[in-house]
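Below you'll find the structure, written out as structure tokens, and then a few comments.
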Amino acid sequence: MNFIAVIILVALLIDYGLNLAADLLNLSRLEKKLPPEYADIYDPDRYEKSQKYLKVNTRFGWVTGTFDLLVVLIFWFAGGFALLDVWVRGLGHGPVISGLIFIGVLVAFKSLFSLPFEIYSTFVIEERFGFNRTTPSTFVMDRVKGILLGILLGGPLLAAILGFFAYAGTGAWLYCWIAATLYLLGVQYIAPNWIMPLFNKYKPLEEGELRMAIMDYSASQDFSLTNVFVIDGSRRSDKPNAFFTGFGRNKRVALFDTLISELNVAELVAVLAHEIGHYKKKHILQSLLIGILHMGVTFFLLSLFLTYEPLFFAFYVDTPSVYAGLLFFGLLLAPIDLFLGIFISMLSRRNEHAADRFAVRTTKTPGAMANALKKLSSKSLSNLFPHPFYVFLHYSHPPLSRRLAQIEVEGRNQR
């Protein structure tokens with residue numbers, strides 16, 4: 001085992017240990033009795049159910065996380081990468097086709113190993129707590145569509161990256177960066193109209209009080225909104241949601257039917273105002289630019305390691321190749337990605353606070369925003385008291401208590 005292997009192994013174990021520690025700390029914060037100040041969010045029975053939901057999902061996460069780590073370590077130290085590389089080379093194809101086969105086989109095996117856990121999570125855990133509405137046929141079709149999209153959209157991009165690094169010389173990383181950026185922008189453009197409707201049905205929000213309130217609000221904020229869509233989220237889950245995606249004329253606001261059934265008009269407008277706040281505050285553009293910059297740095301660093309023999313020897317592969325280097329570098333990059341993920345989560349939590357403030361200031365209904373968050377938290381069985389370290393590692397949104405406290409302050413400032 002060389003020093004590169006030691007770095008990667010230590011990084012994998014640290015990541016596993018940090019997640020385990022965060023889970024244990026999170027469970028230690030559970031309160032058996034519902035504090036009186038949260039009585040308007042949960043009744044005692046639902047609060048107890050939310051705690052059971054957290055415990056079950058946490059323990060299930062331990063099982064899946066341990067299994068995933070063991071599979072990687074066993075495959076690694078049993079020489080699985082080397083055996084797969086020898087087999088792929090024996091097929092006699094060029095670097096692009098060989099790379100597609102090598103990575104495709106690994107992705108297929110990972111998908112097969114994770115499938116039983118996905119089935120259990122959907123049809124046992126989510127079913128037990130009253131969330132699942134996915135039928136077996138919908139579950140299968142979602143996976144089939146996902147595989148086909150991965151092949152049709154991801155396959156050409158992967159082939160381009162393999163081809164550039166194999167044939168384009170020292171400027172390969174730059175060509176890869178440009179290609180990946182164009183791909184990302186293209187997906188942002190086509191996703192609302194072409195990809196998302198493959199999985200859910202979208203229908204325009206019907207004329208009525210809600211549509212009128214939404215259109216009036218968007219007009220008051222000079223936000224061009226030609227339509228609002230209702231998505232049949234209830235086909236898969238009882239959890240409510242809303243999202244904003246796309247840009248320019250292709251931007252789309254979608255409200256889950258489960259959300260509409262839970263909130264009143266003022267609360268739904270507040271939720272929409274929050275989503276528009278992300279757009280107005282340029283949070284979507286910010287995330288896009290960070291993603292593009294991250295890709296550029298990653299491709300540059302990858303170009304430095306593709307011919308670095310110790311990286312390949314760490315996985316018992318004797319002959320360097322673009323496709324194996326691409327995979328191994330991803331594992332080597334894990335410590336950097338861990339810290340980057342924490343930074344992005346911190347930025348996301350700050351942006352969520354900013355979007356909340358925007359919603360309260362522009363709708364002038366802090367009570368509606370607060371009530372919407374309370375109802376969504378109760379409906380989703382959210383944990384009211386997450387440990388700060390768990391929030392630091394995993395939360396893209398601030399805990400409910402912090403959001404409510406900020407909304408209350410913002411509401412007082414308006415009086």
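These figures come from a predicted structure and were not determined experimentally. This chain uses plain numbering: 1 for the first residue, then up along the sequence.
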Walk me through it: do Lys379 and Asp238 pass the test salt bridge (charged side-chain N to carboxylate O under 4.0 Å, His left out)? CA-CA 8 Å; Lys379 186 67 177 178; Asp238 197 43; 2.8 Å; yes

Chi angles and distances behind the side chain to side chain contact (heavy atoms under 4.5 Å, CB included) call for Tyr308, Phe329: CA-CA 10 Å; Tyr308 188 59; Phe329 178 74; over 6 Å; no

Please report the interatomic distance [atom1]([X]) to [atom2]([Y]), rounded to the nearest 0.5 Å.
{"X": "Phe305", "Y": "Leu332", "atom1": "CZ", "atom2": "CG", "answer": "5.0 Å"}
{"X": "Leu158", "Y": "Leu326", "atom1": "CG", "atom2": "CG", "answer": "6.5 Å"}
{"X": "Leu381", "Y": "Tyr42", "atom1": "CG", "atom2": "OH", "answer": "5.5 Å"}
{"X": "Phe315", "Y": "Phe81", "atom1": "CZ", "atom2": "CZ", "answer": "6.0 Å"}
{"X": "His387", "Y": "Phe392", "atom1": "NE2", "atom2": "CZ", "answer": "12.5 Å"}

Any donor-acceptor N/O pair, [X] side chain to [Y] backbone, under 3.5 Å:
{"X": "Thr138", "Y": "Thr134", "answer": "no"}
{"X": "Ser218", "Y": "Met215", "answer": "yes"}
{"X": "Ser28", "Y": "Leu25", "answer": "yes"}
{"X": "Ser50", "Y": "Tyr47", "answer": "yes"}

Evaluate side chain to side chain contact (heavy atoms under 4.5 Å, CB included) for Met369 paired with Thr363, printing each intermediate quantity in order. CA-CA 9 Å; Met369 187 67 201; Thr363 63; 5.9 Å; no

Less than 3.5 Å apart, any donor N or O on the side chain of [X] or [Y] sitting next to an acceptor on the other?
{"X": "Tyr279", "Y": "Glu275", "result": "no"}
{"X": "Ser137", "Y": "Thr135", "result": "yes"}
{"X": "Ser348", "Y": "Tyr395", "result": "no"}
{"X": "Ser234", "Y": "Asp257", "result": "yes"}
{"X": "Glu126", "Y": "Tyr53", "result": "yes"}

If you count the non-hydrogen atoms of other residues, nucleotides and ligands that lie under 6.0 Å from CZ in Phe109, is the total more than 12?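 Incorrect, the count does not exceed 12.
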
Tell me whether the count of non-hydrogen atoms from other residues, nucleotides or ligands lying under 6.0 Å of NZ in Lys145 goes above 12. yes

Determine whether Ile41 and Leu400 satisfy the following criterion, side chain to side chain contact (heavy atoms under 4.5 Å, CB included), listing intermediate values before the conclusion. CA-CA 11 Å; Ile41 302 176; Leu400 177 65; 3.8 Å; yes

Look at [X] together with [Y] and state whether they make a salt bridge at an N to O cut-off of under 4.0 Å.
{"X": "Glu410", "Y": "Arg361", "result": "yes"}
{"X": "Lys203", "Y": "Asp232", "result": "no"}
{"X": "Glu262", "Y": "Lys375", "result": "no"}

Phe358: which of His274, His353, Lys280 passes side chain to side chain contact (heavy atoms under 4.5 Å, CB included): Lys280

